[in-house]
*Asks:* 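One structure, as structure tokens, below. Some questions next.
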2 protein chains.
Amino acid sequence: MEKKVTKRAPTLCPVARAEDLVGDRWTVLVLRELFGGARRFDEIQAGTEATPQMAAARLKQMEADGLIERRPYSQRPLRHEYHLTEKGRAFFPVLLALRAWGETWCKAPGEARAVEFTHDACGGPAGLGPLCETCGRSLSHDDLTAERTPAYAREREQRLRRFKGLS
Amino acid sequence: MEKKVTKRAPTLCPVARAEDLVGDRWTVLVLRELFGGARRFDEIQAGTEATPQMAAARLKQMEADGLIERRPYSQRPLRHEYHLTEKGRAFFPVLLALRAWGETWCKAPGEARAVEFTHDACGGPAGLGPLCETCGRSLSHDDLTAERTPAYAREREQRLRRFKGLS
DNA sequence: CCATATGGATATGAAAATCATACCGACAAG
DNA sequence: CTTGTCGGTATGATTTTCATATCCATATGG
């Protein structure tokens, strides 16, 4: 019960191809955590609220798909961190678009944003679009500084406490 | 066993919120078909290669989530077409970003593109980015004319024939 | 009037994925 | 030598998804 080779029809459609790799909730949430700076198994697990098997299974598959790589950060005991590859980092625009759609269309009026980005290149707020709302240039992950809004920071802390409590 | 209310923790994270609605392969493929002009149940089913239940279940859920609406196109017998709502149409940038990532990172060298977009506003090819590669302006679905590449058109025809054969 | 076709599904039972919960092994710290 | 931490596995129940077959209302052709 180890092979998960994702045997799908080899369509030319790039959307279907992409969905074969990232077409499930957990994978996308893991990517979100990695873009947010998480590196260790338990950070990722806690941040996504996945079960350990789901986290382990997704990370394994994502490594096989070339989205992430495992890097040892300690011999004895041997432990690894998970890092985005170039392919993984290239996914950022999709996540940004998904975030914009989610903020705009999946929230009740008055609900707070989760994260505000500052565009380092111009110093202004970046907004939701693919272009900086302050300077109009296009946004890459390296040019952005994320700051969690207070409400979202609280939510994350509670999640973390719940996780620590149960583990 | 009918309620599928997607009971998830009400997180503020817009990515998680979005994934609750579109976090599975079939939903995204249905959106692809709708953006490609499909309107009828069997077009959608054939284009995604979903089973009838999957197509029916997704369409029902997507209607409940406000992504699509059913419009009668015939009384007696009562039949409906599926149309994107504004919320559904707003998903286009995500699909475009996913397409760009899929074309760039999920294909072997030499594999053909599936679709080429022409930017109606300038008449040039639009490329993969969120901005038109000819004129640099940002791309909306209404400004784009899609043309399937020959290889992809063949693939679609074969799929359709297989579907007709089996149905 | 009867047979077949069409659009839009639902039914059924098997197979696979996911879940909650518990546990494990290596080491480090007290 | 007991307890804690990190990074997972194992287990068994539950839930989804799959392939395949069937269904219903209506139109259409003969």
Side-chain angles (χ1 to χ4, degrees), chain A residues 1-9 19-20 23-30 33-34 38-63 68-83 160-167, chain B residues 1-9 19-20 23-30 33 38-63 68-83 160 162-167:
Chain A
M1 69 299 252
E2 301 305 334
K3 301 276 101 49
K4 179 75 48 53
V5 245
T6 314
K7 265 270 135 49
R8 301 253 185 211
E19 285 288 293
D20 280 344
D24 82 280
R25 178 182 169 79
W26 297 122
T27 301
V28 176
L29 294 185
V30 169
E33 293 304 309
L34 290 170
R39 296 287 172 261
R40 309 273 254 259
F41 187 88
D42 58 342
E43 292 179 290
I44 293 166
Q45 197 209 323
T48 57
E49 297 194 282
T51 59
Q53 311 90 302
M54 283 312 298
R58 288 309 123 172
L59 287 167
K60 206 165 283 182
Q61 184 63 47
M62 288 168 77
E63 191 187 9
I68 59 178
E69 56 186 19
R70 283 175 358 130
R71 293 191 202 155
Y73 69 93
S74 139
Q75 316 292 335
R76 348 221 45 250
L78 183 55
R79 299 225 180 298
H80 296 90
E81 290 182 330
Y82 297 90
H83 286 259
L160 201 58
R161 268 200 297 281
R162 223 171 330 124
F163 177 77
K164 299 266 186 199
L166 294 178
S167 74
Chain B
M1 68 297 253
E2 300 307 332
K3 299 279 99 50
K4 181 74 51 52
V5 245
T6 314
K7 264 268 135 46
R8 303 253 184 208
E19 285 289 293
D20 280 344
D24 83 279
R25 181 182 167 77
W26 296 123
T27 302
V28 176
L29 294 185
V30 169
E33 293 303 309
R39 296 286 171 261
R40 305 283 182 81
F41 186 88
D42 58 341
E43 291 178 293
I44 293 166
Q45 197 210 324
T48 57
E49 298 193 281
T51 59
Q53 309 89 304
M54 284 311 299
R58 288 311 122 173
L59 288 167
K60 205 164 283 180
Q61 185 62 47
M62 290 169 76
E63 190 186 11
I68 59 178
E69 56 184 21
R70 278 166 12 120
R71 293 194 202 151
Y73 69 92
S74 138
Q75 316 292 335
R76 345 223 48 241
L78 183 56
R79 300 231 177 294
H80 297 89
E81 290 183 329
Y82 297 91
H83 286 258
L160 200 59
R162 222 171 330 123
F163 178 77
K164 298 268 185 196
L166 294 179
S167 74

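Predicted, not measured: the structure shown is a model, and the values here were computed from it.
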*Asks:* Hey, is the side chain of A/Arg58 poking within less than 4.0 Å of OP1 or OP2 on D/dG8, counting only N and O atoms?
*Replies:*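 Negative; the distance criterion is not met.
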*Asks:* Using modelled atom types and a 3.5 Å cut-off, is there a donor and acceptor pairing between side-chain atoms of A/Gln45 and backbone atoms of A/Ala50?
*Replies:* yes
*Asks:* Counting only side-chain heavy atoms from C-beta out, which of C/dT18, D/dC18, C/dC27 sits nearest to A/Trp26?
*Replies:* C/dT18
*Asks:* Under a 4.0 Å threshold between the charged nitrogen and the carboxylate oxygen, would B/Glu81 count as salt-bridged to B/Arg40?
*Replies:* yes
*Asks:* What N/O pairs connect the protein and nucleotides 2-7 of chain D at under 3.5 Å? Give each pair on its own line.
*Replies:*
residue	atom	partner	partner atom	Å
D/dC6	O3'	A/Tyr73	OH	3.3
D/dC6	O2	A/Arg79	NH2	2.9
D/dG7	OP1	A/Tyr73	OH	2.8
D/dG7	OP2	A/Asp42	OD1	3.1

*Asks:* Find the distance B/Gln45:CD to C/dA9:C1' and express it as a whole number of Å.
*Replies:*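 About 9 Å, once rounded to whole Å.
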*Asks:* Students often get this wrong, so: under 4.0 angstrom with heavy atoms, is B/Pro52 touching a base, only sugar-phosphate, or nothing?
*Replies:* base
*Asks:* Find the distance B/Gln61:CD to D/dT15:P and express it as a whole number of Å.
*Replies:*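 From B/Gln61 CD to D/dT15 P: 17 Å.
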*Asks:* Restricting to non-hydrogen atoms, name the atom on A/Thr48 and the atom on A/Trp26 that form the minimum distance, rounded to 0.1 Å.
*Replies:*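 Closest heavy-atom pair between A/Thr48 and A/Trp26: O-CZ3, 3.2 Å.
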*Asks:* Atom CZ of A/Arg76 to atom P of C/dG25: distance rounded to whole Å?
*Replies:* 17 Å
*Asks:* A/Pro77 or A/Ala50: which one's nearest nucleotide on DNA chain C is closer to the 5' end?
*Replies:* A/Ala50
*Asks:* With rounding to the nearest 0.5 angstrom, report the CD1 to CZ distance, B/Ile44 to B/Arg39.
*Replies:* 8.0 Å
*Asks:* When rounded to the nearest 0.5 angstrom, what is the spacing between CG in A/Asp24 and CD in A/Gln61?
*Replies:* 9.5 Å
*Asks:* Does C/dT10 have OP1 or OP2 sitting under 4.0 Å from an N or O in the side chain of B/Lys60?
*Replies:* yes
*Asks:* CZ of B/Arg39 versus P of C/dG7: gap in Å, rounded?
*Replies:*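 Whole-Å distance recorded here is 17 Å.
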*Asks:* Mind checking the CD1-CZ spacing from B/Ile68 to B/Arg58? Nearest 0.5 Å is all I need.
*Replies:* 11.5 Å
*Asks:* Atom CE of B/Met54 and atom C1' of C/dG8: how far apart are they, to the nearest Å?
*Replies:* 17 Å
